[in-house]
Amino acid sequence: MSVWDFIITNAPALAIAVPLLGAFLTPLIYRAGRKTALIWVLSVLGFTEFLALLLVYLVNTYGIQVYVFGGNPSTLAIPPDSGGIPIRIIFTVDGMSAFTALISSTIGLVAGIYSVASEKGRGAQDKFFALLLLLVVGMMGMALTGDLFNFFVFLEINSLSAAALVSYRIHGGKAVEAAFKYAVVSSIGALMILFAIAILYGEYDALNMAMIAERMYQTGFSAMDMIAMALIVVTLAMKCGAVPMHYWVPDGYGEAPGEISAMIMVASQASLYGLFRMCFTVFGLSANTHSLGWFLIILGLLSMFIGVTMAFLQHDIKRLMAYHSVSQTGYMLLGVGVGLATLGTSAFNQYGLFAMEGGIFHILNNMLYKGLLFLTAGAIIYRVGTSDLNKMGGLAHTMKFTAIFYLIGALAIAGIPPFNGFVSKLMIYESVYQLNPFLAVVAAIVSMLTLASFLKVFHSAFMGPKLYNVKEVPKSMLIAMGILSFFIVLFGIFPNIAMTYLVAPAAHALADPVGYITRVLGGGA
Amino acid sequence: MRNILMLIVFLTIISFFMYVAINPGDFNSQTGEHFVFGSPKFTDMDNYFIHNAQNQTGANNVVTSIVFDYRGFDTLGEASVLFTAVLGVGLALRLLRGDKK
Amino acid sequence: MIFNAPFISVMILIIFGLYAMVFRRNLIKVVIGLDIVESAVNLFIVSLGYVKNGIAPIYTNSPGGAMVLPTPQALTLTSIVIGVATSAMLLSFCILIYRYYGTLDTRKVRRLRE
Amino acid sequence: MMNPFNPSISTPSGIWNPLVWILVFLLSLLIAYVIYLKGEKQRKKGMQEEIFLSGNKADGNTHIKASNIGWGYLEAMKGYYKLMRDIHTGIINDYVGWFLGVLATMLLIFLFWGGVR
């Protein structure tokens, strides 16, 4: 068996194992010098990115990939002597998982490149880079796993490493406060998920998502399932920053370093993935998806509106952007919520699937432009030394590239046409309008307020007289921002590239829980 | 005001959690009790472990065989969580140890 | 119903933990509340696996008869370690917060608001 | 399967093509430039170039602070923002409390509004 065959066969496991090995070895390799460690970290991140791309290719070519840890062969989901129940931990990679894994590893790579320069000269960098890799592990694991308890374990890796990274720049204790709040909130959430997993285990004696969904469908949706569903859905909605529980978002994103804000933003998208996976695959067959969908829609509306209005109030650049990511999460919840509310009816094929595609495309776009904006905010703070917008001004005189990148990101997030934000917003407006016109109106108003507050940032940070005599940021930060800007423009002009290879498979995978279940419980190939 | 609201919230949560514990049957009474202490409803996955663990893994302790074989990947994840926490504590407390910056 | 007494005590523990997290104004007590919830959930998982008159799932010197379900015990082992890791992180953050803010009162530890 | 390099995307009620949009944008730039060229030739330097800020004459070095931007909007929405400020307390107990509140609401909604099919 050649190396290539080995990689193809074990791609889902390697996508976890490679960054995990990288994280374990980083503190050791850092002893050999910073440069060696950086080469190591970046090559690990690059290889992870390659594996995620390979997973997307495999899923698009051969359908859902099943990987059984310890199975012989590794695709044997159901052992022949077990009577049709999955025994071991199973990774199930469908379109949505591959999509989330791809955006997670991409933002990890970009943040790695960016932090080469931005964290130079700070202490404890071996731990910083190891935690960065662990955060990638957490996101990838949440995306790829098909086992509930395993999902919980990766959720904990995700939240703990994110909390540690938030506290990296201690910033007079403020960053530690933010990290504490983030850690408390995500720990109680994770415990509630564990509680729900215990309820589901006690009822069905299974931990595999497909098996639980199958048994739930057979025995009927009981009150226990309802309570477990409420626990899981509310927790994951909190982890992705939906509004009545969004308070940790501005704290956490606002105090973290720029590239870490971008990564935590994508980590919360991984929780969003978990939310969609639970709603569609685990509970989608049995529960009342109509009311569940409307719950997501209402959360999305609240997130959109309150997020954007609170953002307008802020004068701290990172906090402002953090509130905007609350608002952008609202768009995704709205789009996918419309898909969930219409699931199983004739409206689903008319506009529900399209709304889901819009919501999922928005996840990709949000990763690109919100990541870019956080990186530009990090660049500004790197040069100016403050995050207070009131003290900024005239940066466009000297930081020309940063200004251009900021403008690309701001226009994209506001939905100005040739950039990618417009495409997904258009898809959401058009389809949501058909469910209820009010939803589309709110979405459009939120989009306008977004533009207003980013113009405010542009004016106060980049325009005006030259207050600071600063240089352009170092090259590695510009490269990281340039990568994201390139994809923003590319997906803005050719949206069908993303639609064909990433978004449409993801939406179809979510909308087809039966395919997921039969692929796992059908015995594997 | 806050306390009254939180009281209502707590009462709701208590009633639902107690429902989980006492488990008198379903709301729409399609199905009976789901889990009773001492007699689980489904046991097939665990029966597989109990019957096959000794043959397949060579461990007399079934829990060991699950922790290190059937669900060994969870144990790897657990080790990673511990590693994460160690790194995080080291990162957070680096100033107390007197590292620079 | 009364046979579900272990579950009932677990729920009471969870409620106590949540109460501590919502109403106690000390950061350490909030962390303690979190730990109570965590122990309660672990207890819940373990008690789910009990089979009437079951013995520990170990074949060495086994007297025979029904065995309790092994999976919950394995899950609890994992989740205990995770809980320890979480508490360690949170308490180290508490140390730092006390160092920089000089207080552990939650009403004063809020330089980040709005 | 769609052609991935086809820029146009069709929505339930229309079609969107970024290339056409860019063409129209460039065309409108061209038209604007033509109109600009047709402007008055007699315009001299120093005729209409003074900067005013809210009616006061300003030198070129004034910079509006971020907190002062959108003052009218914030003033109009005062009640709403007061409510929002009250909600965002920044106390960790309240963060957990809101989580439990949404959990309780969700449980009640699903109990009375069809969580069980």
Side-chain angles (χ1 to χ4, degrees), chain A residues 180-181 184-185 188-189 192 221-223 226-227 229-231 233-234 237-238 244-245 247-248 286-288 290-292 295 306 309-310 312-313 315 350-351 354 389-390 392-394 417-418 423 426-427 430-431 434 452 456-457 459-460 464-465 467 492-497 499-501 504, chain D residues 1-14 16-19 21-22 24-25 59-70 73-74 77 80-81 84-85 87-96 98-111 113-117:
Chain A
F180 180 82
K181 286 174 175 171
V184 167
V185 165
I188 186 70
M192 287 300 135
F221 191 76
S222 67
M226 188 205 89
I227 293 169
M229 179 171 83
L231 287 164
V233 167
V234 172
M238 177 188 74
M245 307 162 284
Y247 305 103
W248 62 270
S286 330
N288 184 345
H290 184 73
S291 60
L292 194 58
F295 183 76
I306 294 183
T309 45
M310 284 305 292
F312 201 84
L313 197 64
H315 53 81
Q350 285 167 22
Y351 57 84
F354 199 73
L389 281 171
N390 286 334
M392 290 179 194
V423 184
L426 177 81
M427 289 164 76
E430 290 255 349
S431 44
Q434 307 200 15
K456 165 182 159 178
V457 176
H459 177 88
S460 47
L467 297 182
I493 296 177
F494 297 106
N496 271 335
I497 296 177
M499 282 293 289
T500 313
Y501 296 119
Chain D
M1 202 144 189
M2 299 169 269
N3 173 19
F5 294 100
N6 175 16
S8 78
I9 211 165
S10 54
T11 64
S13 55
W16 161 247
N17 192 328
L19 289 186
W21 191 89
I22 290 175
V24 170
F25 186 73
D59 58 353
N61 285 325
T62 322
H63 187 50
I64 305 171
K65 295 266 185 280
S67 296
N68 300 335
I69 297 176
Y73 165 79
L74 291 180
M77 302 276 279
Y80 171 76
Y81 278 115
M84 284 295 127
R85 278 206 167 103
I87 289 178
H88 291 74
T89 52
I91 302 175
I92 184 68
N93 305 112
D94 291 355
Y95 291 19
V96 181
W98 275 99
F99 169 63
L100 295 180
V102 177
L103 182 59
T105 319
M106 173 108 180
L107 284 167
L108 286 177
I109 286 176
F110 277 6
L111 178 59
W113 195 40
V116 183
R117 187 178 272 178

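Throughout, a chain's letter reflects where its sequence line sits, starting with A, and its residues are numbered from 1. Everything numeric here is computed off the predicted structure, so don't read it as measured data.
Between the side chain of A:N390 and the backbone N or O of D:S67, at least one donor-acceptor pair lies under 3.5 Å. Here the side chain of A:Y247 pairs no donor or acceptor atom with the backbone of D:I92 at under 3.5 angstrom. Side-chain N or O atoms of A:W248 include none that pairs as donor or acceptor with a backbone N or O of D:Y95 at under 3.5 Å.
Across A:V234, A:V423, A:L292, the residue that shares the most heavy-atom pairs under 4.5 angstrom with chain D is A:V234. When the candidates A:G492, A:G393, A:A452, A:P418 are compared by the number of heavy-atom contacts under 4.5 Å with chain D, A:P418 comes out ahead. Your options are A:V233, A:I188, A:I306, A:V185, and the one with the most heavy-atom pairs under 4.5 Å with chain D is A:I306. Counting heavy-atom pairs under 4.5 Å between each of D:N17, D:I87, D:V96, D:L19 and chain A puts D:I87 at the top. Of the listed residues (D:N68, D:I69, D:L74), the one with the most heavy-atom contacts under 4.5 Å to chain A is D:I69.
One distance of note links CG of A:L231 with CE of D:M106; it measures 9.5 Å at 0.5 Å rounding. Once rounded to the nearest 0.5 Å, the distance linking CE of A:M229 with CZ of A:F221 reads 4.0 Å. Put simply, CG on D:L100 and CE on A:M192 are 7.0 Å apart, with the number rounded to the nearest 0.5 Å.
Only the side chain of D:W21 comes within contact range of chain A, with at least one heavy atom under 4.5 Å from a heavy atom of that chain. Interface remark: A:Q350 contributes backbone atoms only to the contact with chain D (heavy atom separation under 4.5 Å). Looking at A:M392, only its backbone comes within 4.5 Å of chain D, counting heavy atoms on both sides. For D:Y81, the part lying under 4.5 angstrom from a heavy atom of chain A is the side chain only. Looking at D:I22, the atoms closer than 4.5 Å to chain A (heavy atoms on both sides) all sit in the side chain, from C-beta outward. Heavy atoms closer than 4.5 Å to chain D are found in both the backbone and the side chain of A:I497. Looking at D:L107, both its backbone and its side chain come within 4.5 Å of chain A, counting heavy atoms on both sides. For D:Y80, the part lying near chain A is the side chain, with the backbone staying farther off; criterion is any non-hydrogen pair under 4.5 Å.
The two residues D:F99 and A:G189 come nearest to each other via the heavy atoms CZ-CA, 4.3 Å. The heavy-atom pair separating A:M245 from A:A237 by the smallest distance is CE-CB, 4.2 Å. Across all their heavy atoms, A:P244 and D:V102 have their closest contact at CB-CG2, 3.6 Å.
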